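Structure record follows, encoded as structure tokens.
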Amino acid sequence: MFVQVLNILLVIFLPVVIIHLKGEAFSLMGASTVCLVYSILFLKLWSYVQTNMWCRQTYYLKQYNPRERRPSITVAELQNGFLGDEIDEDIPKLVQYPDNLCYKDLFYFLLAPTLCYELNFPRTTRVRKRFLLKRLLEVLFGFNVIMSLFQQWIIPSVRNSLIPFSNMEIGLATERLLKLALPNHLVWLCGFYLLFHSFLNAVGELVHFADRNFYSDWWNANNIDTFWRTWNMPVHRWCVRHLYVPVVKMGYSPAQASTIVFLISAFFHEYLVSIPLQTHKIWAFLGMMGQIPLSAVSKSIERKMGPRMGNIIVWASIILGQPLCIMMYYHDYVVTHYHDALNSTVYNEG
């Protein structure tokens, strides 16, 4: 267990050290991709280690307690082993611990579009070529749309917001914030569709992964809590399975377990922003922790003013919160890396 924990921690801290030492060798997009990939690897390895630990405990419990009641059999076991000697080859044989401990099983999990490890994943029998081609074309087209919005709309708006934000001109900074909100929201919606619908479905089709529940109807969320439970289902299931439930079983209250989940989520949001930018601030962390009181406020508004007003609060937090965060990080990034040029610009503007 010590070696496993050390390995998982090494995975998450390796990009921090390398980008800090060799930051000039990474573009912003490259550093962001590296941090995202290693974050996913961290979550997957955590799930792999913890799930196999649970299986190992159950395995030895059965060995040392032979009189324990036998668990319910599966449909595959029923049809292949309990109704006769003939085996139906169309029904896949379920993998049992410790037969799953092999490289093939681990590599499949690392490629599968899920963060929660299982000994037996639901699988499809074939690749739907037309469906796969549609998803790949969506990825290609969507990526170009997002890059166009960034280059033609977001980057100029962010640059124009720098001086008002630095001079604390509230009126002009608010105008820039609202001007940035629309293109940022379009990029966020396009990015959501591109990642959770097009890309993950394409990966799932290639590896015959059948569980395609990547998102739910978050756009209908009546409060912040419902939004965070429905917009990113792979991360939500990982948090519930590997953080929330184990913490509750340790004796903590549901509220304390939820706070711990938001703490871990806030850490990764900050990790994915500050490390690529090499600007170590806490705005993303505070933004995520601010979701806890905002969730209570949105629930109160939902109870007093109805679900429609609660949904408006959810959309307002998405539309206004993200551009504010972008402006703050861009300002800090310029101050950190281009301090002299910023002072000269502010002086000339004055």
Side-chain angles (χ1 to χ4, degrees), residues 39 43 47 113-116 174 177-178 180-197 200 211-273 282-329:
S39 298
L43 298 177
S47 179
T114 181
L115 298 176
C116 293
T174 303
L177 173 66
L178 296 175
L180 180 61
L182 179 59
N184 173 80
H185 191 58
L186 289 175
V187 166
W188 188 81
L189 290 175
C190 291
F192 170 82
Y193 185 88
L194 181 67
L195 175 61
F196 289 96
H197 186 77
L200 291 183
D211 186 4
R212 308 290 177 85
N213 184 23
F214 302 127
Y215 58 91
S216 189
D217 58 336
W218 57 266
W219 47 88
N220 293 325
N222 297 326
N223 55 67
I224 297 296
D225 192 44
T226 303
F227 167 77
W228 285 111
R229 291 201 308 265
T230 53
W231 94 276
N232 188 341
M233 294 304 295
V235 171
H236 170 68
R237 282 195 291 266
W238 187 94
C239 289
V240 171
R241 184 189 188 195
H242 295 287
L243 276 181
Y244 184 84
V245 172
V247 168
V248 170
K249 287 184 177 180
M250 291 169 61
Y252 293 91
S253 68
Q256 291 172 322
S258 297
T259 303
I260 292 174
V261 169
F262 271 101
L263 275 171
I264 301 297
S265 179
F267 166 79
F268 276 101
H269 277 78
E270 192 63 59
Y271 177 88
L272 292 172
V273 177
I282 58 171
W283 306 128
F285 182 88
L286 293 178
M288 277 304 300
M289 295 309 297
Q291 299 298 305
I292 298 176
L294 184 59
S295 176
V297 171
S298 65
K299 287 181 179 178
S300 176
I301 293 175
E302 180 188 5
R303 287 193 301 268
K304 294 179 181 179
M305 305 179 67
R308 179 172 296 179
M309 185 57 64
N311 185 252
I312 291 175
I313 296 299
V314 172
W315 278 101
S317 67
I318 297 172
I319 294 173
L320 297 179
Q322 293 177 3
L324 177 61
C325 189
I326 290 174
M327 290 169 60
M328 294 168 70
Y329 272 105

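Values in this document were obtained by computation on a predicted structure and should not be read as measured data.
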Listed pairs under 3.5 Å, donor-acceptor, residues 292-301 side chains, sequence neighbours left out:
from   : atom 1 : to     : atom 2 : distance (Å)
Ser298 : OG     : Ile224 : N      : 3.1
Ser298 : OG     : Leu294 : O      : 3.3
Ser298 : OG     : Ser295 : O      : 2.8

For this session: Would you indicate whether the side-chain heavy atoms of His197 and Tyr215 approach each other to under 4.5 Å?
Result: yes
Problem set entry | Qualifying side-chain hydrogen bond (donor to acceptor under 3.5 Å, both in side chains) pairs with a residue from residues 230-240, counting only residues at least two apart or across chains | none
Exercise. Quick one: CD on Gln256 to OH on Tyr244, what's the gap to the nearest 0.5 Å?
Worked result: 11.0 Å
For this session: Any chance you could measure Ser216, atom OG, to Met233, atom CE, to the nearest 0.5 Å?
Result: 6.0 Å
Problem set entry | Flag if over 12 foreign heavy atoms under 6.0 Å of OH, Tyr252 | no
For this session: Could you grab the distance from atom CZ of Phe268 to atom CE of Met288, nearest 0.5 Å is fine?
Result: 12.0 Å
Exercise. Are Val314 and Asn222 side-chain neighbours, meaning at least one heavy-atom pair lies under 4.5 Å?
Worked result: no
Problem set entry | Value rounded to 0.5 Å, distance of CD1 in Ile282 from CZ in Phe267 | 14.0 Å
Seminar exercise, completed: Residues His269 and Ser265: closest non-hydrogen pair is ND1-O, 2.8 Å
Seminar exercise, completed: Taking every heavy atom of Val248 against every heavy atom of Pro254, the minimum-distance pair comes out as CG2-CA, 4.4 Å
Problem set entry | Side-chain (Asn311) to main-chain (Ala221) donor-acceptor, under 3.5 angstrom | yes
Exercise. With under 30° as parallel and over 60° as perpendicular, where do the rings of Phe227 and Trp188 fit, or are they tilted in between?
Worked result: tilted
Exercise. Ignoring hydrogens and geometry, is there a side-chain-to-backbone donor-acceptor pair from Trp315 to Trp219 under 3.5 Å?
Worked result: yes
Seminar exercise, completed: Cys116 and Ser47 have their tightest heavy-atom pair at CA-OG, 3.3 Å
Exercise. How many angstroms lie between CD1 in Ile264 and OG1 in Thr259, if you round to the nearest 0.5 Å?
Worked result: 12.0 Å
Exercise. If we only count heavy atoms from C-beta on, is the Asp211 to Thr114 side-chain gap below 4.5 Å?
Worked result: no
For this session: Name all residues meeting the side chain to side chain donor-acceptor pair (under 3.5 Å) criterion together with Arg241; count only those two or more places apart in sequence or in a different chain, and write none if there are none.
Result: Thr51
Seminar exercise, completed: Rounded to the nearest 0.5 angstrom, the CG-CZ distance for Leu189 and Phe192 is 9.0 Å
Exercise. What is the minimum heavy-atom distance between Phe285 and Glu270, and which atoms define it?
Worked result: N-OE1, 2.8 Å
